[in-house]
Every structure is written in C-alpha cells, then in structure tokens.
Amino acid sequence: MSKLKIAIQKSGRLSENSLNLLKECGIKFPNGGGKLITEATNFPIEILFLRDDDIPQYVEQKVADIGIIGENVLVETAKQIETVEKLGFSSCRLSLAVPKEIQYTDLSYFNGKKVATSYPVILENYFQQNNIQAIIEFISGSVEIAPGIGLADGICDIVSSGSTLRSNGLKEVENVMYSQAVLVASEDLDFEKNQILQKLLFRIRSVQKAKENKYILLNAPNDKLDEIIKILPGMNSPTILPLAKEGWSSLHSVIGEDQFWDVIQELKNAGAEGILVVPIEKMIV
Ligand code: PRT
Ligand code: ZN
C-alpha cells in the first residue's frame, strides 16, 4: 500500500505546531532525533523534515506529496501546488517598516527608496499594484538591521509581536499580506494517496473544529428551558436530562469559542446555574 509523504519544517517556528497537529490527529511516529525522514507507525504517512523554503519545490517536484508552510513562503516561491487547508497557526504579517523618526504619510514615501527584504516577489507585486517605483534589495536574513547600516531606507519583513522592529528603531507602516500555516499538496496525487490525504484532512478538520468549540453543561429550572434553548446556538438540539432535584434539568450543548462570553452572560440572566464549560478533544461533523 502506498504512503503519503508529508514535508514539514525541520526546526523553526512551524515545526512544533506541525508535529503537534499530526499528534492531535492520532498519528504516532518515533521522535525525529535529527533524522531526515520518519515513518508513522499507525497511519500510512512518511514525514520528511526540511527547511521551510525548500518545501514548495519538493512538493511541486513530487518528492513530497503534501507539506506544511507559511503562506508567505507559498506566495513568494510561486510554485504549482495547491492549498488544501488553512491551519490557523504561526500567524504573522508581512509589513513595510521605516526608521521611527521618519514622518511617514503614505505609500508614495517608497518612490525611489531602497527597501530590503527576503520577499522580493511579493514586494515587487505589491509595489506594482500600488504604482510605486522602489528599489528592492534582496537579503536572506537579519533584514531589520538594513536601515541602521545604511543598506536601505526601509524594510519589508515578517512581523509578529513587533518587538524586533521596535528594538531596531523601526516602525510598521503598511501591511503587505497576512500569513498563517497552510497544508499544501502536489497537483495530481494518485487515487490511493488522495484517499490518505482525505483521511488526514478529515482528522485535521475534526481537531480544528474541536478547538473552535466548547462543551457546555448547565442546570436550569424546567420553566426556563425554552428560553435557555433559544440562547444556545448548539450543533443540533441540546441534550436535556432530568435532575434528582424536582422541576430541574441538566442541559448539554456545544458553543463556539467566539460566542462564548456573550452567551454565558445571557444564560445566567435567563436563570442557568452551575454552568460548566469543558474543552472538546475531537469534533466530528
Ligand atoms: O530554517 P528554515 O528556513 O526552515 O526557517 P526560517 O528561519 O526561514 O523560518 P522561521 O522558522 O523563522 O519561520 C517559519 C515561518 O513561520 C515563516 O515563514 C512565517 O510563515 C511564520 N512566522 C510566524 C514567522 C514569525 N511568526 C516571525 N515572527 N517567521 C518569522 N518571524 C521572524 C521575523 O522574520 C522577524 O525576524 O521573527 C521576527 C519578528 O518577530 P516579532 O515577534 O519580533 O515581531
Ligand atoms: Zn526558511
């Protein structure tokens, strides 16, 4: 039986989250130990550990069937590969920044200016779309020091907390793109590999759905149940079980993480008591 080859980052900001995602999907494998490739013991998958920048090319050339990379790397390398799922981790933004003492008003500031970046393709497109004529200086690392050493007037780099920019006397002035980790796949996987991918995707979506939701249990007097049910968004109708206490019931449902605090307040106002909220490990939809 064939195996699906997944390329993930060997070490860096994507690696731990990528490995955790596979583990949360119930996939077991021996701990890397510096190996280039490892095989899962309970799922038809092989894991290749690579530098993130090399993953798009390996997937395009079918050395790996699928991979996990940042959207920034995907767009920059512009390979013929498909995005199959956004994974929601390692989020960041690619931004333009200038020395903090610059009186920046708008993008026209960059006309005729030198901008250092490791993302020349994305930046070139962005400047073209916005009719800016700037000089792009490619540097592969430590982009943030470029203005300080007189190499450029500004930079275009990945920003997360913003502390790297601040400690280098820079300020963020424009967002070029937002990025998160994505699962990419080679364009025409054979039938068997595609089936394995679908199984993996099913697990990934169940794990993600579970993270977006909470399981809620509460007690309420029976005459308040109708009102409480209306407040609960739920998957379907909530489960209602009688309590030993006469005239009371326990109600179980699922609630979205983003609606959580608003709904809890409404439930309390409607007479709910003993509210318990618990994480969901997997959610099959
Ligand atoms: O060795 P390899 O080539 O595999 O790794 P790498 O060094 O190229 O990449 P790595 O591990 O730094 O990042 C991998 C991916 O994580 C990136 O392609 C992004 O999609 C994503 N990501 C998320 C980030 C950050 N957050 C991030 N903060 N990538 C880089 N940074 C760097 C940024 O370059 C800057 O130097 O962190 C600094 C800014 O962080 P703040 O928090 O100070 O703003
Ligand atoms: Zn890299």
Side-chain angles (χ1 to χ4, degrees), residues 5-22 32-38 47-61 63-64 66-79 81-100 104 115-126 136-149 151-152 154-185 204 208 211:
K5 287 195 187 121
I6 182 169
I8 64 171
Q9 191 189 26
K10 189 173 169 59
S11 95
R13 288 183 168 86
L14 293 163
S15 23
E16 198 182 325
N17 284 329
S18 304
L19 285 173
N20 279 344
L21 179 68
L22 295 178
K35 275 204 267 174
L36 174 67
I37 189 161
T38 190
I47 307 163
L48 273 70
F49 299 96
L50 301 168
R51 285 201 57 191
D52 67 342
D53 317 73
D54 297 335
I55 294 176
Q57 188 178 346
Y58 279 106
V59 174
E60 188 186 53
Q61 292 176 347
V63 177
I66 61 173
I68 296 178
I69 45 171
E71 282 173 304
N72 49 312
V73 170
L74 174 69
V75 179
E76 180 65 26
T77 50
K79 298 288 181 201
I81 52 180
E82 275 178 66
T83 301
V84 259
E85 191 75 11
K86 295 195 182 230
L87 300 173
F89 59 77
S90 306
S91 302
C92 56
R93 51 198 190 272
L94 185 63
S95 293
L96 281 161
V98 297
K100 64 175 188 305
Y104 182 87
V115 184
T117 188
S118 307
Y119 296 91
V121 174
I122 297 174
L123 186 58
E124 174 88 59
N125 282 339
Y126 178 79
I136 298 173
E137 282 288 335
F138 172 77
I139 33 179
S140 60
S142 303
V143 174
E144 65 280 356
I145 64 166
I149 58 169
L151 184 71
I155 66 164
C156 177
D157 199 13
I158 300 284
V159 183
S160 172
S161 66
S163 71
T164 303
L165 291 185
R166 277 194 297 280
S167 59
N168 284 278
L170 301 170
K171 62 178 176 188
E172 194 175 356
V173 291
E174 305 284 348
N175 277 150
V176 174
M177 77 174 280
Y178 287 92
S179 174
Q180 60 177 289
V182 286
L183 184 73
V184 293
I204 290 175
Q208 285 186 320
K211 282 186 185 155

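Counting convention: from 1, in listed order, for ligands and their atoms alike. Values in this document were obtained by computation on a predicted structure and should not be read as measured data. For this chain, numbers begin at 1 and follow the sequence in order. Quick note: numbers below take in every heavy atom, side chains included, and nothing from hydrogens, waters or symmetry partners.
- Of the protein's non-hydrogen atoms, Gln9 NE2, 4.9 Å is the one closest to atom 7 (O) of ligand 1.
- Looking only at protein heavy atoms, the nearest one to atom 38 (C) of ligand 1 is Thr164 OG1, 3.5 Å.
- Counting only N and O atoms by type, the side chains of Tyr178 and Glu71 include no donor and acceptor under 3.5 Å apart.
- Atom 1 (O) of ligand 1 has its closest protein heavy atom at Arg51 NE, 3.5 Å.
- Residue Val159 touches ligand 1 through backbone and side chain together, judged by heavy-atom distances below 4.0 Å.
- Here the shortest heavy-atom pairing between Ile55 and Ile68 reads CD1-O, 3.7 Å.
- The closest donor-acceptor contact from the side chain of Ser179 to the backbone of Asn72 lies under 3.5 Å.
- Proximity of Asp157 to ligand 1, defined as any heavy-atom pair under 4.0 Å, is confined to the side chain (atoms from C-beta onward).
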**Request:** Output, in order, the C-alpha distance, side-chain angles, deciding distance and verdict of side-chain contact (heavy atoms from CB on, under 4.5 Å) for Ser18 and Phe89.
**Result:** CA-CA 9 Å; Ser18 304; Phe89 59 77; 4.0 Å; yes
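- Ser90 places a side-chain N or O within 3.5 Å of a backbone atom of Arg13 that can act as its donor or acceptor partner.
- With ligand atoms numbered from 1 in the order given, ligand 1 contributes 18 (O) to contacts under 4.0 Å with heavy atoms of Val73.
- Side-chain N or O atoms of Ser118 include one that pairs as donor or acceptor with a backbone N or O of Ile139 at under 3.5 Å.
- Short contacts between ligand 1 and Ser161, defined as distances under 4.0 Å to a heavy atom of the residue, involve ligand atoms 41 (P), 42 (O), 43 (O), 44 (O).
- Of all the atoms in ligand 1, the ones that sit under 4.0 Å from a non-hydrogen atom of Gly12 are 11 (O).
- Put simply, the side chain of Glu76 gets close to the backbone of Val121: a donor and an acceptor are under 3.5 Å apart.
- Contacts between Cys92 and ligand 1, counted as non-hydrogen atom pairs separated by less than 4.0 Å, involve the side chain only.
- The protein atom (non-hydrogen) at minimum distance from atom 28 (N) of ligand 1 is Ser160 CB, 3.3 Å.
- Listed for the Asp54 side chain is no donor-acceptor partner under 3.5 Å among the backbone atoms of Leu50.
- Looking only at its N/O/S atoms, Asp53 has OD1 as the one nearest to the Zn ion (ligand 2).
- Among all non-hydrogen protein atoms, the one lying nearest atom 33 (C) of ligand 1 is Ile158 O, 3.3 Å.
- Both the backbone and the side chain of Arg13 come within contact range of ligand 1, each with a heavy atom under 4.0 Å.
- Scanning the protein for heavy atoms near atom 14 (C) of ligand 1, the closest one is Asp52 OD2, 3.5 Å.
- A donor-acceptor contact closer than 3.5 angstrom links the side chains of Ser95 and Glu172.
- Remark: the backbone N or O of Leu14 is paired with a side-chain donor or acceptor of Gln9 at under 3.5 angstrom.
- Taking each of Ser163, Gly70, Ser90 in turn, the one with a heavy atom nearest to atom 21 (C) of ligand 1 proves to be Ser90.
- Without hydrogens or angle criteria, Glu85 side chain to Leu183 main chain gives no donor-acceptor distance under 3.5 Å.
- Shortest distance from the Zn ion (ligand 2) to Asp52 is reached at OD1 (N/O/S atoms only).
- Residue Gly162 has at least one nitrogen or oxygen atom sitting less than 3.5 Å from a nitrogen or oxygen atom of ligand 1, judged on distance alone.
- At a 4.0 Å heavy-atom cut-off, ligand 1 touches Asn72 through the side chain alone.
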